[in-house]
Each structure stands twice: as C-alpha cells, then as structure tokens.
Protein chains: 2
Amino acid sequence: MAEPRMSSIDGKLAEEFAVPSHVQEVKEKMAAFAACHAEVGRRVVLITSGGTKVPLESRTVRFLDNFSSGRRGASSAEYFIDSGYAVIFLHRHRSLYPYTRLFSTINMLDALQLRAGDSEGAGEVVVDQQVLPNIARVLKRYNEVKDGGLLLPIEFNTLSEYLHLLKASAQALSSIGSKAMFYLAAAVSDFYIPASEMPEHKIQSSNGPLQLSMKMVPKILSPLVKDWAPQAFVTSFKLETDPTILLDRARRALDTYRHQAVVANVLDSRRGYVVVVTPESRDELVVTEGDVEKGVEIEERIVSNLTTAHNEFITQQAAGRK
Amino acid sequence: MAEPRMSSIDGKLAEEFAVPSHVQEVKEKMAAFAACHAEVGRRVVLITSGGTKVPLESRTVRFLDNFSSGRRGASSAEYFIDSGYAVIFLHRHRSLYPYTRLFSTINMLDALQLRAGDSEGAGEVVVDQQVLPNIARVLKRYNEVKDGGLLLPIEFNTLSEYLHLLKASAQALSSIGSKAMFYLAAAVSDFYIPASEMPEHKIQSSNGPLQLSMKMVPKILSPLVKDWAPQAFVTSFKLETDPTILLDRARRALDTYRHQAVVANVLDSRRGYVVVVTPESRDELVVTEGDVEKGVEIEERIVSNLTTAHNEFITQQAAGRK
C-alpha cells in the first residue's frame, strides 16, 4: 500500500507547490556531501530550522508564517558537529545560524573599533572583546568547521521550497542508509493556499474583511519515512501551547509515521524542558536555571540523547541485516 | 465630525489591540528626543519600517506577516540624517537597520580574522577589509550618528505594538509642530483577528482545513493626520503589485486622509521607480541600472524630494500663522 500513498503526495507536491529551480543542483550537492563524509565513517544529520512562509498572493505581499527564530536548529547544529556529525542545515533565510547566533542580539557595529591608520590612512577595524567576550573562541571553532567542510547550509523561504528541498535531501541521504539522521526542527505550516486558488495581485483592503480558506499541507513525514529515506533515523518535533495534549500528540505521531523519535515541547517552557519520546521510551530532559547560568543549553542534552539512540539504531540495523 | 471618528478609532485601539506595557516610557523618550533636537533647530522624522506580525493565536505559533525586509526604511534613515534630520526609527524587530544593513548579506564570522596572540594568548580579532571594503567608512559614520544622538531606535513585533507606538510617537512629536515629518514606510497589515475572537491555543491541524475570518484594521492615518499630529508633514507609502491601479490608489489616499504626500511604488520595480504624489504634483523618481552600479539608491532621491517639500511646507505653515 506504500506505493499509491507516495504517488499521491508526490503528485500533490508537483502540482500544488512550485518546484524551486535549483532543487536538482542542491540535491547533487547534498548527495556529494553525504557520500564524502560517509566514506570517512562520519554520520550525517539533516537539520531543518526556522519557520516556513506561506504566500497568500502569487505576487506576494502577505504571507502566513510560523513562529521560530531558528535558535533550536542552529544550536543543535553546533552540538551535532561536536559529536562528530556532518550537518546539512536546511534553514529559513535570515533565521539564526550556527555560531553567529551567539551574537544575534548585538549590533555588530557596536562591537567594532576603528584604529587610527598609518600615514596612508588605512586604519584597522578590530573587535572590542569587552563587548564580544567569546568572539575569538567562537571564530576559531567556526573556521575549523568551515575548513573541515562539516556544515552545508541550504536556505528556504516558502513552504514550497521547504517541501521540495526536504524531499531532495531525503533522496540524497538515502545512499548512506542508517548513517543518516533527520532532525526536523523547522516550524512547518500545516495550512496553505494552493497555487490554483491564489489571487495573482495584492488583496485589496477596500474589498472588505478577509475570508481565507486554507488547505491542509500533505504530511511529508509519511513518504520520507516510508519511501525516500527508509533506513534513516528520523526525529520530528512537536510544539504545542497546551501541555495537556502534548504527549498524546507525540505518541500519535509515532504511531502514524513509524519513525524513531519525537521531541515534544511546550512553547512557554521549550528552553528548559523537553520530552524525547520513542516507541520504547520517554526521556524527560531538563535544564535548570542554575544550568542556564553556567551556559548549558537544552539542545546539548537533546543531541546527546539522540546520538546515543542513533548509535543503537545503527547497531540494530546492522544486526538485522546479518 | 472629527471628534467622534477619533474616539471611535481610539476606542478600537484600546479594546481590540493589546497595549504594550512600555508605551508610556517610549512616548516620553520620543518626546524628549524631539524636544532636544527641535531646540537646536533640527527637524525630526519618524520612520516606520518593516512588516507587522498579526497573531492567529493568543499563545502565538502562527501569524500573518507582510513582506518587507526593512531595506527602504533603513536606507532612508541614513539619507535623512545626512540631510540634517534626527530620526526616530520605529522598526520591526530584526528587520534591516541603518548602516548595519550594508553588511546584512554577509556572515560576520566570514569577515573576521584571528590574529595570533602574545604569550598570554590574548589574540586580536580584526575585520578583513577585503571582505568588507567599506567597513571603516561606515563604522566612522555610525559612530558619529551615535555620538550625535541622531538616531532613536524603537522596535515593534506585532500590529498591536505598531499601532500603539505610532500613536504615541505622533503625540510625542506634536509639540514640535511642522518640524516633524512622518515617513510611514512600514508594511502594515490591513487585516487582523480581534483578541476576543482569537483562540488561546495552537490551532490543531487535525481539525481539518483552516477558515480564517479577518477584520479590517482601523485606518490609523486618519486620526494621525487630523488629531494626533495635525501640524506635521505626513508621507505614506502605497505598494501595489498591479501598476494599473497604483496612481489611482495613491490619489484616493490623499483625498481620504488629506496628508502631504504618498510615495507610490510597484513591488517588482520598487528599487528603480517610485512616484511621489502630492495634492499639487506628481514626481517620477528613477534610478537607472547605471546609477545602481555607481551605488546610487532610490531612497536618496525620495528623501531629497521630500525634504524639499517639507521645507516649503514649513515656510507655508509659518506664513499661514502670520
């Protein structure tokens, strides 16, 4: 029964969501990245991060967005790299980025100083390390990661771009089997307006109040797990605002899609408390205020939990093949 | 007839749009800023910039947004300062910012270099001026503006914050009369969901397709021009995607609100062509591809056009009072 379901979502993807022109090029880049790292025994994680844009007009003035700074995805990327993974970072344009995220609240010009130049007037510009105390350490690490080719950034803006690029990434990573992890932290819209029902021009406010009728976005997790990357370790995220329904939704997602883990969290407490739910387990991860003062981030614990689970998963898969 | 209209919009603002807790504090800051600059004969422009967020849930996971990087507002701020104005920059959180906007496409860590430290290991971090060739000049100008106290940044996220802060700014600037200009470049939503009709929690996709019914945002330009800052020079912006209706909409806005100027532009050509429409005139401003190569921005021409008009406006107002 897998075949018709895949075709139906594939068909919808092609019909109702514009294919980005560079998708094939990106797919080849991701496949080459995965192959080269797998060859030296490195695992690869595909992280999605940030919110998707859902246009209301085809010449877009207005769009629906999902709240997400991209903080969780960006910090997780750093911890995955520290754990020996190579990272494909599929993120919303201008959302938070690994390493630079640490300075996102500072206007860079406030952290720079002009040093008087020589007779030719060529002054130097230096970073004021009182303003950015960690800059040297972070820059060093950033350059190591860049030189090691450990981080492949890919950008999306719209839901359409996200869906097609995620599909391409799953296909690109299928060649490395269980060595691939998907860490789907992006805030993806559940609703959209099909291209065929979208007005071309800006909706005029003189026409009166706005009635919007939005369709359900196809559940891409289903073909991803079943068809595109069936051997990979897949983690999805569940964000709710109502804590009473959270675990039920997480379990239901696992039952429906049959993937490996759901990271469940509540909007208000997402930086201090998450539950990693798998078919066999339920791990509560907490960082206290004391931890936060010491600079501990909950993403470090999430990544540690999942890389351990990924280890076991790879071992089991290998045993299963014998 | 002005009184009931003002009361009605004021009432709506208070009832249906949450008042930000810091609005009074910001208002006092803006009033002090305006007074201190007016005292030394400097004009003050209030620039709004970036798009407004319209939440769909009170614990917000989803929101409606208006496309805007904040580029026009941020660059205009620089040209107004160059023209002798002090600028209140009311902008969307994380939208483009004056001066830093020039480096917005570059990852700052790609532009920094670590210089080997002395024996104590305290290395310097310097800017690679091959990557950021203009950094010294821009930083110098940024510091002059900061030291001169010429730029007062105020942030908003939601439509509610925008509306209340704009009202506060108009009241704060009313004391300097015709020396104040409003340059309303923000992309403000025409539609919203009243607090009373908003669900508290995240809308569940399991409930099926989404029907949204959005009300019209009250036209705040009306009380701004009539009641809150009746002596100021007010410029609004009109962005359309359909060029055939643009000028008609611009004229209609002038007829309705009786303010001083509308900057009319079409989404696709907004960086190369705008029309400044006033009750008496229609100025087409163009930058060619050749201009762009020389680094000319259309905002320089818009600001030049409007500061000239503001001059005349002040002279007329003064003559009218005699």
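Keep in mind that this is a model prediction, so the values were computed, not measured.
The candidate from B:Lys215, B:Arg249, B:Lys53, B:Lys146 with the greatest count of non-hydrogen atom pairs under 4.5 Å with chain A is B:Arg249. Chain A forms the most heavy-atom pairs under 4.5 Å with one residue out of B:Leu132, B:Val126, B:Asp65, and that residue is B:Asp65. Counting heavy-atom pairs closer than 4.5 Å to chain A, the top residue among B:Ala187, B:Pro55, B:Gly208, B:Ser69 is B:Gly208. Between chain A and the options B:Leu112, B:Val125, B:Val127, B:Ile135, the largest number of non-hydrogen pairs under 4.5 Å is found for B:Val125. The choice from A:Thr105, A:Asp128, A:Asp110 that makes the most heavy-atom pairs within less than 4.5 Å of chain B is A:Asp110.
The CG atom of A:Leu163 sits 9.5 Å away from atom OH of A:Tyr192, with the distance rounded to the nearest 0.5 Å.
Checking each of A:Arg72, A:Arg270, A:Arg271, A:Lys238 against A:Asn265 for a side chain to side chain donor-acceptor pair (under 3.5 Å) leaves exactly one that passes, namely A:Arg72.
Side chain of B:Ser160 to main chain of B:Phe17: no donor-acceptor pair is present (N/O by atom type, distance under 3.5 Å, no hydrogens or angles). When atom types are taken as modelled, the side chain of A:Thr158 and the backbone of A:Glu161 share a donor-acceptor pair closer than 3.5 angstrom. In this structure, B:Gln129 contributes its side chain and A:Gly123 its backbone to a donor-acceptor pair below 3.5 Å. No donor-acceptor pair under 3.5 Å is formed between the side chain of B:His259 and the backbone N or O of B:Tyr257.
Residue contact with chain B, scored on non-hydrogen atoms closer than 4.5 Å, involves the side chain of A:Leu267 exclusively. For A:Leu56, the part sitting under 4.5 Å from any heavy atom of chain B is the side chain, from C-beta outward, and nothing else. In this structure, no portion of A:Glu57 lies under 4.5 Å from any heavy atom of chain B. With a 4.5 angstrom heavy-atom cutoff, A:Lys140 touches chain B via backbone and side-chain atoms both. Only the side chain of B:Ile245 has a heavy atom closer than 4.5 Å to any heavy atom of chain A. Both the backbone and the side chain of B:Ala136 come within contact range of chain A, with heavy atoms under 4.5 Å apart. In this structure, chain B has a heavy atom under 4.5 Å from the side chain of A:Asp268, while its backbone stays farther away.
Salt-bridge check for A:Asp190 with B:Arg62: passed, with a basic side-chain N closer than 4.0 Å to an acidic carboxylate O. Under a 4.0 Å N-O distance rule, the pair A:Arg141/A:Glu78 does not qualify as a salt bridge. In summary, B:Arg251 and B:Asp255 do not engage in a salt bridge, as defined by a charged side-chain N under 4.0 Å from a carboxylate O.
By the side chain to side chain contact (heavy atoms under 4.5 Å, CB included) test, A:Ser189 is found to be paired with A:Thr52, A:Val54, A:Leu64, A:Asn66, A:Phe191, residues two or more places apart in sequence or in another chain being considered.
Proximity to chain B among residues 92-102 of chain A is limited to A:Arg94, A:Leu96, A:Tyr97, A:Tyr99, A:Thr100, judged by heavy-atom separations below 4.5 angstrom.
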- request: List the steps, then state whether side chain to side chain donor-acceptor pair (under 3.5 Å) holds for A:Tyr162 with A:Asn157.
  value: CA-CA 7 Å; A:Tyr162 170 84; A:Asn157 266 303; over 6 Å; no
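When the shell of 6.0 Å around CD of A:Gln211 is examined, it contains more than 12 heavy atoms from other residues, nucleotides or ligands.
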